[in-house]
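When reading the values below, keep in mind they use all heavy atoms of this one structure, side chains included, and skip hydrogens, waters and symmetry mates. Quick note: residue numbers are just sequence positions, from 1.
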Amino acid sequence: MNISYEGQITFSQFINEHSQVITPLPEWAQVDKTLIEYYKLMVIARQFDNKAIALQRTGQLGTYASSSGCEAVDVVTASLMSKEDVLVPYYRNHAMQMIRGMKLSDILLYWGGDERGNSSAAQGEDLPNCVPIATQCLHACGIASAIKIRDQQRATVCMLGDGATSKGDFLEALNVAGVWQLPVVFIINNNQWAISVPRSLQSIAPTLAQKAIGAGIRGEQVDGNDVVALHQSVEQALQRARDDKGPTLIEAVSYRLSDHTTADDATRYRSPEALKSGWEKEPIKRLRDYLHAQGWWQEKNETEWLQQATQQIQEAVDEYLDTPAQPVSSIFDYLYAELPAQLSKQRDIAVSRSQNQDQKQNNKEAQS
């Protein structure tokens, strides 16, 4: 007897790229409160992103990974997570970290090359930024395993890009999550580009969500620019995880409106037409136009919120720029429990040279 298994991947969308309702809205989305909150958070995320890029371009920040275009994915997911849930981010989840309590100045500190920004007290049990591709997926499973062993009602949320789904770490994580029925939610921000490699060359599969089928876990695809679709999908997945009903894989289809990072030039591989199409579908304008049509958001509200967001971001920038640099000794102090003799000697030399440079600078300033 031949036995075949056919998995089915659903696609969810409530508000399309024209800001039109194409599927009856759930009850919570028929009033303005949550939708306005999502919109405000997406706006401040976009404004922060623009400011961070400006800082990098003027030499005041290191290489930075923009989140432009995926604000809805981050904002909705972070807003639905409980304080007890654990976030396992990759390198494009600034908005999630902000909503989870991290100061914007700490986020800037990390991208400015200061590891103190990667160990903010507000992170709690959330993991720090993960730059290696897909390695965080197995870390998420380890955390979820601990949660399951302790019989806690918590969820682990693992964020990743479409490029990460081509890595072995990702597939191994799906497999162990399915076998052990772990309380973990994998959310793919399918922004169509793995640096310069388009989605069409990454995988021939019609969807990335169907990779869940091979692991025997629940998989679905949602419009990653539609906050309502995201809310419905993520909320259900989180509750399943907390209720010990197993893992979920969500593919959120979005579009990267920026370069891969500020070290990239996407004009070398992406057509202007593709970028224009991405802007026509992006989440902030889509939700703003819908709110306007409902009479829930006016130009006055927009102006007031932009002013508040600008002030909040500028205060964070000032705090970041005013943060004193760490002493040169910190390069050595966090490597070993007991520093080897060779490195101890190097530390003494580095500290001495740093002190001499500081003294010369003080003398120069005194003479002037």
Trainee: Determine, step by step, whether Glu251 and Lys211 satisfy the salt bridge (charged side-chain N to carboxylate O under 4.0 Å, His left out) criterion, reporting the C-alpha distance in whole Å, the side-chain angles of both residues, the deciding distance to 0.1 Å, and the verdict.
Mentor: CA-CA 10 Å; Glu251 176 190 357; Lys211 296 191 177 188; over 6 Å; no

Trainee: Side chains of Asp226 and Gln13: is there a donor and an acceptor less than 3.5 Å apart?
Mentor: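 Note: Asp226 and Gln13 side chains miss the donor-acceptor criterion.
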
Trainee: Using side-chain heavy atoms (C-beta onward) and a distance below 4.5 Å, is Tyr320 in contact with Leu61?
Mentor: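 Yes, at least one pair of side-chain atoms sits under 4.5 Å.
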
Trainee: Ignoring hydrogens and angles, state whether a donor on the side chain of Ser68 or Asp49 is under 3.5 Å from an acceptor on the partner side chain.
Mentor: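 No donor-acceptor contact under 3.5 Å links the two side chains.
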
Trainee: Quick one, Lys40 with Glu302, criterion salt bridge (charged side-chain N to carboxylate O under 4.0 Å, His left out). Give me CA distance, side-chain angles, the key distance, then yes/no.
Mentor: CA-CA 9 Å; Lys40 291 170 71 175; Glu302 184 79 8; over 6 Å; no

Trainee: Without swapping roles, check the side chain of Gln307 against the backbone of Trp305 for a donor-acceptor pair under 3.5 Å.
Mentor: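 Side chain of Gln307 to backbone of Trp305: no pair is present.
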
Trainee: Is it true that a side-chain atom of Arg150 and a backbone atom of Gln152 form a donor plus acceptor pair closer than 3.5 Å?
Mentor: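 No: the side chain of Arg150 does not pair with the backbone of Gln152.
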
Trainee: Under a 4.5 Å cut-off applied to non-hydrogen side-chain atoms, are Gln136 and Leu127 in contact?
Mentor: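 Result no, sub-4.5 Å side-chain heavy-atom pair not found.
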
Trainee: Is there a side-chain contact between Arg46 and Ile284, using heavy atoms and a 4.5 Å cut-off?
Mentor: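 Sidechains of Ile284 and Arg46: in contact.
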
Trainee: Is the closest side-chain donor-acceptor distance between Asp318 and Gln314 under 3.5 Å?
Mentor: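 Indeed, the side chains of Asp318 and Gln314 share at least one donor-acceptor pair under 3.5 Å.
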
Trainee: Do the side-chain N and O atoms of Asn189 and Tyr90 include a donor-acceptor pair separated by under 3.5 angstrom?
Mentor: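 Yes.
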
Trainee: Give the minimum heavy-atom separation between Thr135 and Cys130, together with the two atoms involved.
Mentor: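 Reported closest heavy-atom pair: OG1-SG, 3.2 Å.
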
Trainee: Just checking, any donor-acceptor pair under 3.5 angstrom between side chains of Asn225 and Glu17?
Mentor: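 The criterion, which ignores hydrogens and geometry beyond distance, is not satisfied for Glu17 and Asn225.
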
Trainee: Among all residues two or more places apart in sequence or in another chain, which pass the side-chain hydrogen bond (donor to acceptor under 3.5 Å, both in side chains) test with Ser120?
Mentor: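 With sequence neighbours excluded, Ser120 shows a side-chain hydrogen bond (donor to acceptor under 3.5 Å, both in side chains) to Asp106, given in chain and number order.
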
Trainee: In Å and rounded to the nearest 0.5 Å, what is the NE2 to CG distance from His231 to Leu25?
Mentor: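 Spacing of NE2 (His231) from CG (Leu25) equals 11.5 Å.
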
Trainee: Taking the side chain as every heavy atom from C-beta outward, state whether Ile313 and Ile44 have any pair of such atoms under 4.5 Å apart.
Mentor: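 Contact flag for Ile313/Ile44 side chains = yes.
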
Trainee: Measuring only between side-chain heavy atoms, which start at C-beta, is Val253 closer than 4.5 Å to Val222?
Mentor: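 A side-chain contact under 4.5 Å is absent here.
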
Trainee: Is it true that the side chains of Trp28 and Gln232 contain a donor and an acceptor less than 3.5 Å apart?
Mentor: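 Yes - a donor-acceptor pair under 3.5 Å links their side chains.
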
Trainee: Below 4.0 angstrom, N of the basic side chain to O of the carboxylate: do Arg242 and Glu84 qualify?
Mentor: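 No.
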
Trainee: To the nearest 0.5 Å, tell me how far Ser344 OG sits from Ile349 CD1.
Mentor: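 The CD1 atom of Ile349 is 10.0 Å from OG of Ser344, to the nearest 0.5 Å.
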
Trainee: Hey, is the main chain of Ser203 close enough, under 3.5 Å, to the side chain of Arg199 for a donor-acceptor pair?
Mentor: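 It does hold such a pair.
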
Trainee: Side-chain donor-acceptor pair under 3.5 Å between Gln326 and Asp114, yes or no?
Mentor: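 Yes, because at least one side-chain N or O of Gln326 sits under 3.5 Å from a partner of the opposite role on Asp114.
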
Trainee: What is the minimum heavy-atom distance between Pro283 and Ala72, and which atoms define it?
Mentor: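 For Pro283 versus Ala72, the nearest heavy atoms are CB-CB, 3.7 Å.
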
Trainee: Without swapping roles, check the side chain of Asp264 against the backbone of Asp259 for a donor-acceptor pair under 3.5 Å.
Mentor: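 No, because the side chain of Asp264 does not come within donor-acceptor range (under 3.5 Å) of the backbone of Asp259.
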
Trainee: State which residues pass side-chain hydrogen bond (donor to acceptor under 3.5 Å, both in side chains) with Tyr290; sequence neighbours excluded, sorted by chain then number.
Mentor: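 Residues passing side-chain hydrogen bond (donor to acceptor under 3.5 Å, both in side chains) with Tyr290: none at all.
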
Trainee: When you measure from the side chain of Ser352 to the backbone N and O of Asp348, does any donor-acceptor pair fall under 3.5 Å?
Mentor: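 Not a single qualifying donor-acceptor pair exists.
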
Trainee: Hey, could you give me each pair passing ring pair (Phe, Tyr, Trp, His ring centres under 6.0 Å) that has a residue in residues 51-85? Not counting sequence neighbours.
Mentor: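 For residues 51-85, and leaving out neighbouring residues, the ring pair (Phe, Tyr, Trp, His ring centres under 6.0 Å) pairs sorted by first residue read Tyr64-His94, Tyr64-Trp111.
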
Trainee: Whether the Glu71 and Tyr38 side chains hold a donor-acceptor pair (N or O, under 3.5 Å, no angle test) is what I'd like checked.
Mentor: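 Not at all, the side chains of Glu71 and Tyr38 share no donor-acceptor pair under 3.5 Å.
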
Trainee: Decide whether Arg218 and Gln236 meet the rule of one side-chain donor and one side-chain acceptor closer than 3.5 Å.
Mentor: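 Their side chains do contain a donor-acceptor pair, which is all the 3.5 Å distance test asks for.
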
Trainee: Within this structure, what is the CZ-CE distance for the pair Arg154 and Met81, rounded to the nearest 0.5 Å?
Mentor: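 Output value for this atom pair is 10.0 Å.
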
Trainee: For Ser82 and Asp85, which I'm curious about, is there any donor-acceptor pair between the side chains at under 3.5 Å?
Mentor: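 Their side chains do contain a donor-acceptor pair, which is all the 3.5 Å distance test asks for.
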
Trainee: Within the distance-only criterion (no hydrogens, no angle test), does the side chain of Ser233 pair as donor or acceptor with the backbone N or O of Leu230 below 3.5 angstrom?
Mentor: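 The answer is no, because no donor-acceptor pair under 3.5 Å joins these two groups.
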
Trainee: Do we see a donor-acceptor contact under 3.5 Å between the side chains of Gln97 and Asn93?
Mentor: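 No pair is found: no donor N or O on one side chain lies under 3.5 Å from an acceptor on the other.
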
Trainee: Got a second to check how far Leu321's CG is from Glu319's CD, nearest 0.5 Å?
Mentor: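 Going from CG on Leu321 over to CD on Glu319, the span is 10.5 Å.
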
Trainee: Is it true that, when you exclude Arg116 itself, more than 12 heavy atoms of the residues, nucleotides or ligands shown sit nearer than 6.0 Å to its CZ?
Mentor: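 More than 12 within 6.0 Å, yes.
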
Trainee: Between the main-chain N or O of Val197 and the side-chain N or O of Gln202, is there a donor-acceptor pair closer than 3.5 Å?
Mentor: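 Yes, because the side chain of Gln202 sits within donor-acceptor range (under 3.5 Å) of the backbone of Val197.
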
Trainee: Counting distance only, does the side-chain N/O of Asn118 pair as donor-acceptor with the main-chain N or O of Asn129 below 3.5 Å?
Mentor: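 Side chain of Asn118 to backbone of Asn129, a donor-acceptor pair under 3.5 Å: yes, one is there.
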
Trainee: Taking side-chain hydrogen bond (donor to acceptor under 3.5 Å, both in side chains) as the test, write out the residues that go with Glu304, two or more places apart.
Mentor: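 Once residues adjacent in sequence are excluded, Glu304 has no partner under the side-chain hydrogen bond (donor to acceptor under 3.5 Å, both in side chains) criterion.
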
Trainee: Any side-chain heavy-atom pair from Arg92 and His260 closer than 4.5 angstrom?
Mentor: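 Yes; the side chains approach each other to less than 4.5 Å.
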
Trainee: Grouping I, L, V, M, F, W and Y whenever their side-chain heavy atoms are under 4.5 Å apart, do Leu160 and Val76 come out in a common cluster?
Mentor: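 No: no chain of side-chain contacts under 4.5 Å links Leu160 to Val76.
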
Trainee: Looking only at side-chain N and O atoms, does Glu315 offer a donor or acceptor that is under 3.5 Å from a partner on Gln311?
Mentor: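 The answer is yes; a qualifying pair exists.
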
Trainee: CD of Gln30: more than 12 outside heavy atoms within 6.0 angstrom?
Mentor: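 Count over threshold, so yes.
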
Trainee: What donor-acceptor contacts under 3.5 angstrom involve side-chain atoms of residues 167-177, with partners at least two apart or in another chain?
Mentor:
unit_1, atom_1, unit_2, atom_2, d
Lys167, NZ, Ile133, O, 3.0

Trainee: Between the side chains of Trp193 and Tyr255, does any donor sit under 3.5 Å from an acceptor?
Mentor: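 There is such a pair (donor and acceptor under 3.5 Å, judged by atom type) between the side chains of Trp193 and Tyr255.
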
Trainee: Does any N or O in the side chain of Thr303 come within less than 3.5 Å of the main-chain N or O of Glu299, such that one atom is a donor and the other an acceptor?
Mentor: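 Checked: pair present.
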
Trainee: If the condition is side-chain hydrogen bond (donor to acceptor under 3.5 Å, both in side chains), which residues does Arg240 pass it with, not counting sequence neighbours?
Mentor: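 Checked Arg240 against side-chain hydrogen bond (donor to acceptor under 3.5 Å, both in side chains); zero matches.
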
Trainee: Determine whether a donor-acceptor pair (N or O, by modelled atom type, separation under 3.5 Å) exists between the side chain of Arg286 and the backbone of Ile15.
Mentor: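 Pair found, side chain donor or acceptor close to backbone of Ile15.
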
Trainee: In Å and rounded to the nearest 0.5 Å, what is the OG to CG distance from Ser79 to Leu41?
Mentor: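 It is 5.0 Å, given to the nearest 0.5 Å.
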
Trainee: So does Trp296 have more than 12 non-hydrogen atoms from other groups sitting under 6.0 Å from CH2?
Mentor: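 Counting other residues, nucleotides and ligands, CH2 of Trp296 exceeds 12 neighbours.
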
Trainee: Would you please say whether a donor-acceptor pair under 3.5 Å links the side chains of Thr207 and Gln210?
Mentor: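 Note: Thr207 and Gln210 side chains meet the donor-acceptor criterion.
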
Trainee: For the CG atom on Asn356, are there more than 12 heavy atoms of other groups (residues, nucleotides or ligands in this structure) within a distance under 6.0 Å?
Mentor: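 Yes, the 6.0 Å shell around CG holds more than 12 heavy atoms from other groups.
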
Trainee: Can we say Arg347 and Asp333 salt-bridge, meaning some charged N sits less than 4.0 Å from an Asp/Glu carboxylate O?
Mentor: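 Here Arg347 pairs with Asp333 in a salt bridge, since their nearest N and O are under 4.0 Å apart.
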
